[in-house]
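None of these values were measured; they are calculated from a predicted model. All residue numbers refer to positions in the sequence shown, counting from 1.
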Amino acid sequence: MLFKIKQIVKSSPIIYFIYYHIGSLALRVLGLFVKTDENLVLFVVYGGQRYDDSPRFVYEYMKKHKKYQKYKLVWAFMEPESINVDIDYKIKIDSLEYYMTALQAKYWITNSSASRGLNFRKKNTINILFQHGMAGIKVIGKDIHVGNKSFGNMFKEEFDCIFIEGKKEKEILVRAWEADEEKLLSIGLPRNDELVNKSVDEIIKLKLQIGIPLDKKVILYAPTYREYNKDIMGTVYLKSPFDYDIWYRNLGNEYVLILTAHYEVAKYMNIPDNREFIVNAFKYPYINDLMLVSDILISDYSSIIFDFAILGRPIISYAYDFEIFCKERGVYDGYESIFSHGIMRNQEDVINHIKTMDYDIECEYTRKKIRDEYISNYGDATEKAVTSIFGE
């Protein structure tokens, strides 16, 4: 029920207007009576949906090092009881406890927003954002054309620091987000350190954990969401663009296909059950695991393309709805030139490319033309980020 209410609020500008003004005022008044705790840190990822992404690795780094023991580290989740991870303090997002914690916390660490679409942050609260995707493919912020069916917050979120990994995204963020360039730190994303530092044995262990046969190569399909594809409740859905029988006949003897999607997707349709060729990882909590076990990535307009490039493995753009996506959302100039074979519009071309590619040449292309051209730093971002935030 709560999820449906949130979808209604997010999809209705009028209801959101009321929610924003009443909620912001109430919390600002409450904040006048709440003292800031200098050692309290609030973590929020994907609106409380997961324990993952760069804030997770910042948290684990702080837990590991004794000099950060003085900090109380609190995570907020939609369903705290469902997060089976060793976390000392878990609270329910959008509860009174959540907003009290947010008002008390000296630090907010997030990959999206801790404000819940409201404007109540106290002046002495430090708001830290770790980009959950590199800018440079689908248009964002003020670059989204007028008439787009999504709408933003009533206020511009202010961050004290934004951690990014791209060489070319500063110009986009300064323009599209009106971000202060001095607050953009190109030290890389902590979550991607893991892509560099996992051993072969650890990757094999992950494959067994996920249920992937060790004698098969792995294709990961990870598309972005289409915010304009919503049901009557405002829920974002995604329809699979595959004829799985064709894929199985052509690739089933050699490959396994993993299916996942952007966290905004609530319903992933047309995924067949009981097929050994397919691994349904739609709600799998750790995207890094899926990337680490995969030999090839198929995506479309998702920033996972840049993350996966760190691994130096082949990347395919399957942009089957290119014209529609450009009309409804838009991509930045140069998108098609990112990939070794441009963009592909139909599944037959994708399958043929997989069957005929020179794997080593494609890996070299990814390393030189995507990773090295677009990514500024990777491998040691966690330590750099924690030091930047806490100065210890």
With the 4.5 Å side-chain cut-off for hydrophobic clustering, are [X] and [Y] part of the same group?
X	Y	value
Leu96	Tyr98	yes
Ile296	Ile204	no
Val196	Ile315	yes
Ile219	Phe282	yes
Trp75	Ile389	yes

Do [X] and [Y] meet the cation-pi criteria used here (NZ or CZ under 6.0 Å from the six-membered ring centre, within 45° of the axis)?
X	Y	answer
Lys168	Tyr374	yes
Arg56	Tyr59	no
Lys72	Tyr89	yes

So Phe277 and Tyr244, ring pair (Phe, Tyr, Trp, His ring centres under 6.0 Å) or not? Walk me through it.
-> CA-CA 9 Å; Phe277 170 64; Tyr244 292 103; 7.7 Å; no

State whether the number of non-hydrogen atoms from other residues, nucleotides or ligands found under 6.0 Å of [X] atom [atom1] is greater than 12.
X	atom1	result
Ile14	CD1	no
Tyr248	OH	no
Glu373	CD	yes
Glu348	CD	yes
Gln209	CD	yes
Lys198	NZ	yes
Lys183	NZ	yes
Lys283	NZ	yes

For Thr110 and Val44, indicate whether the former's side chain and the latter's backbone hold a donor-acceptor pair under 3.5 Å.
-> yes

Can you tell me if Ser24 uses its side chain to pair, donor with acceptor, with the backbone of His21 under 3.5 Å?
-> no

Can you label the angle between the Tyr51 ring and the Phe77 ring as parallel, tilted or perpendicular, going by 30° and 60°?
->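 Tyr51 vs Phe77 ring planes: perpendicular.
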
Geometric class of the Tyr19/Tyr16 ring pair [parallel <30°, tilted 30-60°, perpendicular >60°] |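 Judged by the thresholds at 30° and 60°, the geometry between Tyr16 and Tyr19 is tilted.
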
Between the side chains of [Y] and [X], is the shortest nitrogen-to-carboxylate-oxygen separation below 4.0 Å, so that they form an ion pair?
X	Y	value
Asp300	Arg226	yes
Asp143	Arg329	no
Lys106	Asp37	no

Inter-residue atom distance Leu185.CG - Lys170.NZ, 0.5 Å rounding |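 One finds 7.5 Å between CG of Leu185 and NZ of Lys170.
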
Regarding Asn229 and Glu328, is there a side-chain donor-to-acceptor distance under 3.5 Å anywhere?
->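 No - no donor-acceptor pair under 3.5 Å links their side chains.
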
Yes or no on ring pair (Phe, Tyr, Trp, His ring centres under 6.0 Å) for Phe390 and Tyr107, after CA distance, side-chain angles and deciding distance?
-> CA-CA 10 Å; Phe390 298 98; Tyr107 303 92; 4.8 Å; yes

Could you please spell out the steps behind the ring pair (Phe, Tyr, Trp, His ring centres under 6.0 Å) verdict for Tyr221 and Phe242?
-> CA-CA 10 Å; Tyr221 178 59; Phe242 298 136; 4.6 Å; yes

